[in-house]
Colleague: 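Handing you a structure now.
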Amino acid sequence: MTDASQSQFVALSGGVGGAKLALGLAEVLAPEQLTIVANTGDDFEHLGFCISPDLDTVLYTLAGWNNTAQGWGQEGESWQFLDALGRLSGETWFSLGDRDLATHVVRTNLLKQGHSLSEVIAYLAEKMNIRHSVVPMTDDRVSTRVNLQSGGSLSFQHYFVRDRCEPVVSGFEFEGIDTAQPSAGFIAAVDRADAVIVCPSNPFVSVAPVLSLPGIQDQLADRPVVVVSNIVGGQALKGPAAKMMDELGMPTTALGVARHYRERYGELFDGFVLDRQDAAMEAEVQALGYSTIVTNTVMLTLQDKTELARQVLDFTARL
Ligand code: FO1
């Protein structure tokens with residue numbers, strides 16, 4: 001039997017929802033037991049800065065620097081730079097706060113000097129006194145594109161922020177994914193992992209880029225993998241996941257998420273975590289071949305996050 005205090009875990013995360021569970025896991029696991037791998041498909045270059053939204057959301061959340069009301073960016077933010085930029089008729093559709101800007105300046109300079117994104121994130125994490133490992137899914141450039149039912153496609157941030165997720169989607173592509181390599185930190189963490197936790201993140205634009213990296217699904221295949229539903233009571237707690245599911249012709253339910261993961265990744269996921277509001281779907285999720293637990297997955301307080309983390313960790317031990 002494995003000693004739970006020695007077990008190793010990998011958490012796959014997108015932005016806000018994923019970072020909440022990542023924080024819960026970091027509260028209950030020692031630094032050497034947890035690696036958080038963040039999606040980089042949302043990354044882009046803007047105004048000359050290299051921006052990594054999901055990595056920054058995870059870092060700020062673990063550091064206690066995050067803006068909880070907004071979901072992204074830093075607490076106590078000011079917007080002098082953005083205001084000044086607007087006065088000069090610069091591009092202001094993507095809100096870069098003054099504090100947040102410092103992160104982008106540091107990252108951009110270090111990348112320009114030849115450091116990898118993994119090195120930059122480790123450096124930023126150290127400056128933020130984060131003791132758990134946070135790694136990008138890849139050090140290579142992968143860019144999510146959103147295909148539209150009206151024809152054509154948009155870069156992710158143009159779809160998400162500039163166009164407020166209004167265009168109707170028909171699918172997603174991850175430019176650069178075929179030649180991207182999972183980061184060394186990601187590969188090593190999965191290698192030693194006793195279990196992998198897929199946080200409650202968007203299946204199409206947060207989880208899919210991570211799992212589309214060459215070789216990753218094969219590497220995960222012999223590990224217990226548990227996914228926490230990102231849809232609760234028919235709604236995404238944050239972001240456009242429910243709207244996307246609807247536009248792609250899927251039922252916007254936890255069962256719809258469970259079915260999507262089965263159709264896309266076969267037997268890769270062993271366990272599925274449902275919220276109490278969706279308890280009535282448990283039997284149908286089990287009929288898809290998942291082990292299940294039903295618990296509170298709505299993480300409003302730190303206690304909600306740590307309690308869900310404990311439940312998920314106990315669940316992985318039973319698989
Ligand atoms: N999300 C928004 O909805 N509006 C913004 O203006 C915005 C700015 C922004 C700046 C830095 C950063 O790291 C994230 C930012 N986000 C913003 C969130 C971002 O677009 C993420 O990709 C989403 O949170 C999806 O995970």
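Note that the coordinates shown come from a computational prediction; the quantities given were computed from them, not determined experimentally. Both counts, for ligands and for their atoms, begin at 1 and track the order of listing. FYI, side chains are in, hydrogens and waters are out, and symmetry mates aren't considered; it's all heavy atoms of this structure.
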Colleague: Looking only at protein heavy atoms, identify the closest one to atom 25 (C) of ligand 1 and say how far it is in Å.
Modeller: D42 OD2, 3.3 Å
Colleague: Other residues, nucleotides and ligands only: do more than 12 of their heavy atoms fall within 6.0 Å of CD on E166?
Modeller: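 Counting other residues, nucleotides and ligands, CD of E166 exceeds 12 neighbours.
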Colleague: Starting from atom 9 (C) of ligand 1, what is the nearest protein heavy atom, named by residue and atom, and what distance separates them?
Modeller: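 Going atom by atom, the protein heavy atom closest to atom 9 (C) of ligand 1 ends up being F94 CZ, 3.2 Å.
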Colleague: Using distance alone, decide if ligand 1 has a nitrogen or oxygen within less than 3.5 Å of any nitrogen or oxygen in D100.
Modeller: no
Colleague: Under 4.0 Å from any heavy atom of F156, which atoms of ligand 1 are there?
Modeller: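 Per the distance check, 22 (O).
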Colleague: Taking non-hydrogen atoms only, is V16 closer than 4.0 angstrom to ligand 1 via side chain, backbone, both or neither?
Modeller: neither
Colleague: Whether R107 and D56 form a salt bridge (side-chain N of Lys/Arg under 4.0 Å from carboxylate O of Asp/Glu) is what I want to check.
Modeller: yes
Colleague: D304 versus V298: any side-chain heavy-atom pair under 4.5 Å?
Modeller: no
Colleague: For Q157, take its heavy atoms, then give the atoms of ligand 1 lying under 4.0 Å from any of them.
Modeller: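 Answer for ligand 1: 19 (C), 20 (O), 22 (O).
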Colleague: Checking a contact table here: which protein heavy atom is nearest atom 18 (C) of ligand 1, and how many Å away?
Modeller: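 Of the protein heavy atoms, W72 CG, 3.5 Å lies nearest.
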Colleague: Which residue holds the protein heavy atom closest to atom 13 (O) of ligand 1, what is that atom called, and what is the gap in Å?
Modeller: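 The closest heavy atom on the protein side is P53 CA, 3.4 Å.
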Colleague: Is a side-chain N or O of R223 found less than 3.5 angstrom from the main chain of A193, in a donor-acceptor match?
Modeller: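 Yes, the answer is positive, given that a donor and an acceptor are paired below the 3.5 Å cut-off.
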Colleague: Using a 6.0 Å distance limit plus a 45 degree cone around the ring axis, check whether R262 lies over the aromatic ring of Y290.
Modeller: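 Output yes; distance and angle both within limits.
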Colleague: How about Q303: does its CD atom have over 12 heavy atoms from other parts shown lying under 6.0 Å from it?
Modeller: no
Colleague: Measure the distance from atom 26 (O) of ligand 1 to every protein heavy atom, then report the residue, atom name and distance (to 0.1 Å) of the closest one.
Modeller: D54 OD1, 2.8 Å
Colleague: Give yes if a backbone or side-chain nitrogen or oxygen of S95 is under 3.5 Å from a nitrogen or oxygen of ligand 1, and no if not.
Modeller: yes
Colleague: Among all protein heavy atoms, pick the one closest to atom 23 (C) of ligand 1 and tell me residue, atom and distance.
Modeller: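 Checking every protein heavy atom, the shortest distance to atom 23 (C) of ligand 1 gives F160 CE2, 3.5 Å.
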Colleague: With side chains defined as the heavy atoms from C-beta onward, is the minimum distance between L124 and I121 less than 4.5 Å?
Modeller: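 Yes, side chains in contact.
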Colleague: Should the ring pair H260 and Y265 be called parallel, tilted or perpendicular, given that the plane angle runs from 0 to 90° and is split at 30 and 60?
Modeller: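 The arrangement is perpendicular - the two ring planes meet at more than 60°.
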